[in-house]
Protein chains: 2
Amino acid sequence: MADVARRAGVSTMTVSRALKGGRSVKEETRTRIMRAVDELGYVLDLTAGALSSKRSGFVSVLIPSVNNSNFSETVHGISDVLSEDGTQILVGYTDYSKAQEQRLIETMLRRRPEGVIVTGGVHTEGTRELLEQAAIPVIETWDMPADPIGHVVGFSNAATIEDMMARLLFRGYRKIGFIGGDDGRANGSDDRGRERRLGYERAVAALGLETSHVVPVGDPPVSIEHGGRAVVRLVEEWPDVEAAICVSDLPAFGAIMECHRREWAVPGRLAIAGFGDFEISRFCWPTITTVSVSCTEIGRKAGHLMSRAIKGARSEKPLPPQSVVIPHSIIEREST
Amino acid sequence: MADVARRAGVSTMTVSRALKGGRSVKEETRTRIMRAVDELGYVLDLTAGALSSKRSGFVSVLIPSVNNSNFSETVHGISDVLSEDGTQILVGYTDYSKAQEQRLIETMLRRRPEGVIVTGGVHTEGTRELLEQAAIPVIETWDMPADPIGHVVGFSNAATIEDMMARLLFRGYRKIGFIGGDDGRANGSDDRGRERRLGYERAVAALGLETSHVVPVGDPPVSIEHGGRAVVRLVEEWPDVEAAICVSDLPAFGAIMECHRREWAVPGRLAIAGFGDFEISRFCWPTITTVSVSCTEIGRKAGHLMSRAIKGARSEKPLPPQSVVIPHSIIEREST
DNA sequence: CCTCTGAATGATATCGATACCATAACTGGG
DNA sequence: CCCAGTTATGGTATCGATATCATTCAGAGG
């Protein structure tokens, strides 16, 4: 930067201001500086800038898995909104492990993010402590935690499945099974899957169904393959079953393909519904009934919230904890 | 750090050494320091460390799209290997746009990555200049560029489709179409798709087929939906067609679902093959014949190469440009 | 003609770590 | 008992920008 300053005949301070933009630098001076920058091929060093200004200019985002387009869309939404502020985002993958989540947060905090956005509302004690110590805005997404760390942008996973149950009941299905959802062991558990299963169980009770059946599918991420195996088990264990709700569209798809293979008509022999409105569900044959949540909207809302929270933190007027609920809807298609 | 040092009764230098690990610090001193760190809830500031040591400790990785599990696997491979060195990675998405790629690189270089890994071998002039100016190791992946910027870890996309053509021919198919692959307009183009299409055309010529037909599908990312529409066009435009090779498994899947809908037997009426060995292809009905490339291996090889290149750069013994070829194979399944 | 105001710019300290060199304490060979 | 050679530790400059306060200068207003 000193080289640029010398070449443009100004001080480094003026170069810095010119590069930040918007500050008071005479137009002519700015042009001269920009020319010098180009000629020298100078690239601003944000590392030094961050140290000096105490603003790292980025936010950490943690999601469970790379391969889930729902989470990717959320990240996209966050990124879209925050890029308007010039804030970058750094994504980490927890592999559905809370221990891994904590490790990632420890690592990321070393780079001094201005905020952290996590997925889900269940974390290790260590994670909570780290985040509180860090004293930066935190947003939990994709869930409605009972005891939030900071802000929340989410929805009730249980409620979505209760709605789906109501819809299936309305359609005349009575013997409805559930595929997926673990029972909450220590680590590597799928909290949102468990919530959805809970919604299923609550609906079974509330709607006065006499029978129910859950086929758990083991550790997340729940994949296409799991769905194929689970649907066979479901039908074997409960031959009367009329419909199955899957914890996500991927196992729903796997289940449908397995049904084709065995010549079980969908929805004739067995109706199948999923969660997440993945692209695959719109083009699968039959198309798949699913729960649609605007994942991008979760991201955009979280992004805006984070933007406000960061501004609040800078101006010593911290934003009080916000809670944003994202609506969901049931999309009925051919598979039910 | 000064607080920690005071509490442990040592200098900041000793604290720094203790935290880096492996350096010469007496075991007892280290314990004392660690205790102070815990008590104070101190978190090392890597921003400052990077500035001082001139090692940012991270590598930039650019891939076209979030929603392509092939690229995600590559990133995973890179991350696995580099995390052994304590190097983190920062991922950027180009949305298949070379202009966006350049913008991302500009932004990322401001944070002084120790290396850059890009996807593909075609870039803007500006991108090449930026990377050369930066004087850091560069790896191009997923392709075999004619004029590499630095190192290469890839394979010939054209050759994979030539192989697929040979296999289909061996199986008795003669009238084989191709779905996907643009013709190389300025921006937003799918270079790997174009290469694959080129492979198709070369095979048609080499194998002495009398007829051929390409249905392009527009801008990437090529999706499931594209495949459904394209297969209909292909059959309408060339009713004799016996087989179709798709630029990726996603359109292949879309094509198969559309065939189900129209009761065109796969492979009876039309054989369909894809590229990429996505999970969907293993569990779709019928299972999809595809080209398998070990995406994780691309990542791991790129990671190792980057690790060596960075060490080379630090010790002033730059690693001469390497070129690693990743093998591919054809996986024949039910769809052909 | 002088003071005042605001715009444009500059000088300097500082952010929080590490590189580098110096020093102190110890070890073992002669 | 001395000296070379480790091992463990400390002092200080430095990385490259920006915050902060100071300064200069032009033009407005009295």
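Below, chains carry the letters A, B, ... as their sequence lines are ordered, and counting in each starts from 1.
Spacing between atom CD of A:Glu28 and atom P of C:dA7 amounts to 18 Å, rounded to whole angstrom units. Atom CD of B:Glu27 is separated from atom P of D:dA8 by 10 Å (rounded to the nearest Å). Rounded to whole Å, atom P of C:dT14 lies 12 Å from atom NZ of A:Lys54. As rounded to whole Å, 12 Å separates atom P of C:dA19 from atom CG of B:Leu51. For the pair A:Arg30 CZ and C:dA7 P, the computed distance is 15 Å after rounding to whole Å. For the pair A:Asp3 CG and D:dC15 C1', the interatomic distance rounds to 14 Å; values are reported in whole Å. Atom pair B:Arg6:CZ and D:dT9:P shows a separation of 19 Å (rounding to whole Å applied). What separates NZ of A:Lys26 from C1' of C:dG6 is a distance of 14 Å, to the nearest Å.
In A:His76, the NE2 atom is not crowded: 12 or fewer heavy atoms of neighbouring residues, nucleotides or ligands sit closer than 6.0 Å.
Below the 3.5 angstrom threshold, one finds no donor paired with an acceptor across the side chain of A:Arg112 and the base of C:dG16.
Phosphate proximity of C:dC15 to A:Ser52: absent, as no side-chain N or O sits under 4.0 Å from OP1 or OP2. Listed pair B:Thr29 / D:dT9 meets the phosphate criterion, a side-chain N or O lying under 4.0 Å from OP1 or OP2. Within the 4.0 Å cut-off from OP1 or OP2 of D:dT9, not a single side-chain nitrogen or oxygen of B:Thr14 is found.
At the heavy-atom level, B:Leu46 lies nowhere under 4.0 Å from the strands shown.
Residues B:Ile298 and B:Val153 share a closest heavy-atom pair of O-CG1, 3.6 Å.
Within the structure, every pair that satisfies the side chain to side chain donor-acceptor pair (under 3.5 Å) test and touches residues 77-88 of chain B, not counting sequence neighbours, is listed here: A:Arg111-B:Gln88, B:Asp85-B:Ser307.
Distances from the side chain of B:Met13 to the nucleotides C:dG10, C:dT9, C:dA19 place C:dA19 closest.
Between the side chains of A:Ser97 and A:Asp95, no donor N or O sits under 3.5 Å from an acceptor N or O.
Map A:Arg55 and B:Val10 each onto its nearest nucleotide of DNA chain D; the residue landing nearer the 5' end is B:Val10. The 5' end of DNA chain D is approached more closely, in terms of each residue's nearest nucleotide, by B:Arg32 than by the other of B:Arg32 and B:Ala48.
Looking at B:Thr127 and B:Lys98, their side chains never come closer than 4.5 Å, going by heavy atoms from C-beta outward.
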